[in-house]
Amino acid sequence: MSKSLIALGFAASLTGLPLQWAMARDDGRYAGSPLKAWFDSLRSGRGPCCSVADGIAIADPDWELQGSHYRVRLDGEWIVVPDDAVITEPNRAGHTMVWPIKGTLGTSIRCFMPGDLS
């Protein structure tokens, strides 16, 4: 019986981990950026992208358009960007950015903002 309770407690504690990892990490370092309000307002079909502190700039070799879908390379793995994660408004930042969410089931993409492929 006690092993069951320990296992149940462990499983319950793991349930909160993906939510913890997905929480915004805005530490204030971009507070003076003229683009902060714009970044904070960005949304994809999957919800708000959070802020510039949560996004990762992606170099050209680490993203591509394959057919009609984008892919990004994160931690050496290519991940297909869901269509509803693509931000369709003009990219004021100029560089490609991705907002990944890492959880127990792997990495998913909350938002993706393409730059210019060169």
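FYI, side chains are in, hydrogens and waters are out, and symmetry mates aren't considered; it's all heavy atoms of this structure.
- Taken to the nearest 0.5 Å, the CH2 atom of Trp78 stands 8.5 Å off from the CD atom of Gln66.
- Contact check for Phe39 versus Met113: side-chain heavy atoms found under the 4.5 Å cut-off.
- With sequence neighbours left out, His69 forms a side-chain hydrogen bond (donor to acceptor under 3.5 Å, both in side chains) with Asp83.
- Judged by distance alone, with hydrogens and angles left aside, the side-chain atoms of Asp75 form no donor-acceptor pair with the main-chain N or O of Glu77 at under 3.5 Å.
- Side chains of Trp63 and Pro114 form a contact here, defined as non-hydrogen atoms less than 4.5 Å apart.
- Tyr70 pairs with exactly one of Val81, Val98, Val80, Ile109 by the side chain to side chain contact (heavy atoms under 4.5 Å, CB included) rule, that one being Val81.
- Note: Asp84 CG to Cys111 SG = 9.5 Å, rounded to the nearest 0.5 Å.
- Residues Leu74 and Leu65 share a hydrophobic cluster, clusters being chains of Ile/Leu/Val/Met/Phe/Trp/Tyr side chains in contact below 4.5 Å.
- A cation-pi arrangement, defined by a distance under 6.0 Å to the six-membered ring centre and an angle within 45 degrees of its axis, is absent between Arg110 and Trp99.
- For the atom pair CG (Asn91) and CG (Leu42), the distance works out to 8.5 Å, reported to the nearest 0.5 Å.
- Looking at Thr96, its side chain does come within 3.5 Å of a backbone N or O of Gly115 through a donor-acceptor pair.
- Side-chain atoms of Ile56 and Ile58, non-hydrogen and from C-beta on, do get closer than 4.5 Å to each other.
- To the nearest 0.5 angstrom, Ile87 atom CD1 is 3.5 Å from Cys49 atom SG.
- For the pair Pro82/Arg46, a side-chain contact is recorded, criterion being any heavy-atom separation below 4.5 Å from C-beta on.
- Evaluation of the side-chain hydrogen bond (donor to acceptor under 3.5 Å, both in side chains) rule for Asp62 yields Arg73 as partners, not counting sequence neighbours.
- Remark: Glu89 pairs with Trp38 by the side-chain hydrogen bond (donor to acceptor under 3.5 Å, both in side chains) rule, at least two apart or across chains.
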